[in-house]
Amino acid sequence: MKKLPLGLSQREALWAYAFLALPLAFFLFIRIWPALQAFQISFYQWHADPSQRQFIGLANYWRMFHDPRFLQALRNTLFYTLLGVPAEVTFALAIALLLNSVGKRFRALFRAIYFAPYVTPPVAVAWTWFMLLNPHRGVVNRVLVALGLPPQPFLSDPATALPTVTAVVVWQFLGFHVLIFLAGLQNIPQMYYEAAQIDGAHGWRLFRYITLPLLKPMIAVSVLMATAGPSIGFLQLFTHVINLTWQNPGGPLGSTLTVLLYMYERAFGAFEMGYGAAIVVFLFFILALISLIEFKVLGRKVEYR
Amino acid sequence: MKRKSLIVFLLVSFVALYGLSKVTITYWQYFYETRVNAIDLLIKEFEKENPDIDVVQETFPYEAFQQRVAAAIPAGKGPEVITLYYGWLPTWKRAGYVKPLPFTPDEAAFVPLIQVAKMEGKYWGLPTAVRSLALIYNKDMFDEAGVPAAPTTWEEFVEIGQKLTIKRGPMIIRAGFGIAPQGQDHHLVREVLIRQFGGQPYSDDYCQVMYDSPEGAAALKFYTDLQLKYEIGDVDFVANYRDGFIAGDIGMIIDGSFAIGTILKGAQFKVGFAELPVLEPGGTKANFASFWMHALTPRAYESEEKLEAAVKFLKFITSERAMRLWLEVVGELPARLTLIEDPELAQDPIYGPFIRALPYSYATRFYDEIAQRRIMLDAIDRVLKEGMDPADSLKIAAAEEQKILDEYCVSK
């Protein structure tokens, strides 16, 4: 067999490309290509037979902004994000700080406890909470009543349903963010604290001027993931909502409806794939825009002089 | 050597010819054990009579069914014959997922409500079975509370409901009635109560919303009063009204005939069935009926042989014989008049109430079922959860629903 006239490094590179080819092809044909197709479909009136798809320009987009239910879904999704992301990140940071100050053995235990919900399937989480939160028979209200407190409607009242869903999602994904912050905290050199302490700083000032700035990259990752992360970002909320409100998805009165859930309803419930595609394309731009803003704001490097 | 190749040649050509002469068609429905079994039995009989046709049944979980169909048909995959909920027909038809039947069925042989499967003068599918609603009650609970018989008027219904309900503070321990708008009750309000209160939910062609009326408001008020005023149940009492009934936490539910099997299999008590109550003795009767229909996809039209085979199979599973088997195996009411009019069936303690209701049943002509269902749920929720006046709530619903009807009725 004739050897290719390649140097060692070139041959290594070739191997690397060979190994990369498969995942690359996967990404191109399974993820990128269909995503691009969604752009195309969004300009058409959907029909099962491709030859009968009618080009309708921006009609699907026009419809979107005149569809009160879509606008409600959009409002809700932004509200979920505004409520959920800060809650998720702050709670996670607080818990990580607490865990960082307890002994090593306990830290591992608590870390596992906080991480457990994250590795539980969202459907199982949603159904468990659905039962726990039942107004008449759920454990939560039984406890409340036993304590002499009034029972709460939780998911059944349009006013409390969205915050309730948010709470369940925060509960599930908290552990993921705790882990990010713990890693970040353990990377902060102890000497900064020691130096600051010698200068007389402690408590809040240590946190404000050392921990927080040095955690900034972690906060950026955490906020980005909580906002737009695949399957855990609030802008892509779907599984939790459809399972927590399975009898009337997005209800009561559309109060928990999200953009993705509405897309699903139109595309797969009414076979309006063109309209569904338009909704997804719009969501794509929102995701890109918000991620970009967050990245600009949080991505700046911290430097100590 | 020569002889060997000749044998191989003959064998290959035989297999090829045999394969060519045999048509394979695929049939899809969502997974429901008894229905899958029934179709399996029917396929076996059908193949015996039609040795040149192979039928393959494929099923999917209910939640994934529409999703699979949505993707498969445009990709040129999927079945030739498919079973869909009648309410989905307009959206499926508009998106080109089903094609009209190439023959005219004998309308007079079927129950009249199959006419909703007719659009633009053509039939787009036929059912094996139809379903209607009835009152289903826990007989043991009735005995215990000293209730001698099922209610025939709504007044009696409320009275019994109150006897059966047990509350502790604001929380319900046992509900007299399993209020379930998201179950069958949105049909109950739309097609039963509004008509019983003297109104009409839609114009006869279902192009005009008409429930936005004093009668409609009275009907919705009565329904929501079951929770708000008479307190015989609560929409949030249990996750699923049927499961709650089976568990013995609910005294009465209104459910479709498709639930008979599940309920009888699960209930540890005597179950009673009765026709839906009316407003006053001799008052207007009304019921909601529905069906799943077998239809042809564009794939059936791919070749003449396939179309012929698919039509044969569709006719077979909607024949009288198939319906008898279906009733036995699945427990669903047959869709042919000859069977419905069987006096023995009409007097059956279980099927009777459902069958007797068929002559006065209405099948809502839905245009965008998922949206129209949600609009009625919202109309109920606005009263139950936000305290809105029923008339105002129906006004909002009517405006919303009329937009959907306009889109279809005008474009038709």
Side-chain angles (χ1 to χ4, degrees), chain A residues 34 41 45-53 63 66-69 123 127 130-131 133-138 141-142 144-145 148 150-151 153-161 242-243 245-255 257 262 264-276, chain B residues 63-76 78 88 90-99 167-173 175 180-183 186 234-241 244 249 297-299 367-371 373-375 377-382 384-386 400:
Chain A
I41 290 171
Q45 165 100 47
W46 178 254
H47 196 279
D49 178 356
S51 68
Q52 291 195 45
R53 282 173 207 164
R63 172 181 169 190
H66 295 82
D67 179 348
R69 197 155 153 83
V123 177
W127 276 79
F130 176 80
M131 286 185 259
L133 294 173
N134 179 294
H136 290 270
R137 299 150 65 91
N141 263 351
R142 286 190 193 191
L144 286 180
V145 169
F154 298 115
L155 293 162
S156 64
D157 187 328
T160 53
I242 198 173
N243 284 290
T245 62
W246 59 281
Q247 295 175 312
N248 180 10
L253 294 173
S255 60
L257 187 73
Y262 187 53
Y264 181 78
E265 178 195 309
R266 286 293 100 201
F268 295 100
F271 285 1
E272 293 179 337
M273 294 284 166
Y275 189 41
Chain B
E63 292 74 21
F65 186 64
Q66 287 219 74
Q67 211 177 324
R68 295 302 283 258
V69 177
I73 306 258
W88 298 342
T91 47
W92 284 41
K93 170 181 166 290
R94 188 180 53 173
Y97 285 72
V98 283
K99 292 249 180 189
K167 290 185 95 175
R168 188 187 298 146
M171 282 148 92
I172 293 175
I173 306 298
Q182 70 288 342
H186 66 104
D234 189 299
V235 278
D236 299 307
F237 173 50
V238 286
N240 181 295
Y241 67 108
D249 295 325
T297 73
R299 292 216 68 197
Y367 295 102
D368 183 345
E369 190 260 345
I370 193 167
R373 170 183 187 266
R374 199 255 317 151
I375 287 169
L377 291 185
D378 284 358
I380 296 168
D381 270 351
R382 276 190 293 268
L384 286 181
K385 308 207 159 172
E386 294 189 327
E400 230 182 316

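The sequence lines fix the lettering, A, B, ..., with proteins before strands; numbering per chain opens at 1.
- Put simply, CZ on B:R374 and CG on A:L253 are 9.5 Å apart, with the number rounded to the nearest 0.5 Å.
- Interatomic distance, NZ of B:K99 versus CG of A:D49, reported as 7.0 Å (0.5 Å rounding).
- Across every non-hydrogen atom of B:D381 and A:P252, the tightest pair is OD2-CB, 3.7 Å.
- For the atom pair CD of B:Q67 and CZ of A:F268, the computed distance is 5.0 Å after rounding to the nearest 0.5 Å.
- Closest non-hydrogen pair, A:P135 versus B:M171, comes out as O-CE, 3.8 Å.
- Only the side chain of B:L377 comes within contact range of chain A, with at least one heavy atom under 4.5 Å from a heavy atom of that chain.
- With a threshold of 4.5 angstrom between heavy atoms, A:M273 approaches chain B through side-chain atoms but not through N, CA, C or O.
- Considering only heavy atoms from C-beta on, A:R137 comes within 4.5 Å of B:D249 through its side chain.
- Nearest heavy-atom pair across A:A48 and B:G96 is CB-O, 3.4 Å.
- Both the backbone and the side chain of B:W92 come within less than 4.5 Å of a heavy atom in chain A.
- B:A371 touches chain A through backbone and side chain together, each having a heavy atom under 4.5 Å away.
- With respect to chain A, the highest number of heavy-atom pairs below 4.5 Å among B:E63, B:Q66, B:E386 belongs to B:Q66.
- Proximity to chain A is absent for every atom of B:V235, based on heavy atoms less than 4.5 angstrom apart.
- When each of A:W246, A:W46, A:Y264, A:F130 is scored by its heavy-atom pairs under 4.5 Å with chain B, the top score falls to A:W46.
- Remark: A:H136 NE2 to B:R168 CZ distance equals 13.0 Å, nearest 0.5 Å.
- From B:D368, atom CG reaches atom CD of A:E272 across 6.0 Å, with rounding to the nearest 0.5 Å.
- With a 4.5 angstrom heavy-atom cutoff, B:L384 does not touch chain A via any of its atoms.
- Chain A forms more heavy-atom pairs under 4.5 Å with one residue of B:P90, B:A180, B:G169, B:P74 than with any other, namely B:P74.
- Contacts of A:E265 with chain B are made by both backbone and side-chain atoms, with heavy-atom separations under 4.5 Å.
- The nearest pair of heavy atoms linking A:A270 to B:I370 is CB-CG2, 4.4 Å.
- For the atom pair CD of B:E400 and CZ of A:R69, the computed distance is 8.0 Å after rounding to the nearest 0.5 Å.
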Do B:T91 and A:R266 pass the side-chain contact (heavy atoms from CB on, under 4.5 Å) test, and can you show the C-alpha distance, the side-chain angles, and the key distance before you say yes or no? CA-CA 10 Å; B:T91 47; A:R266 286 293 100 201; over 6 Å; no
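- Using a 4.5 Å heavy-atom cutoff, the side chains of A:S255 and B:K385 are not in contact.
- Counting heavy atoms from C-beta outward, B:D236 and A:F154 have side chains that stay 4.5 Å or more apart.
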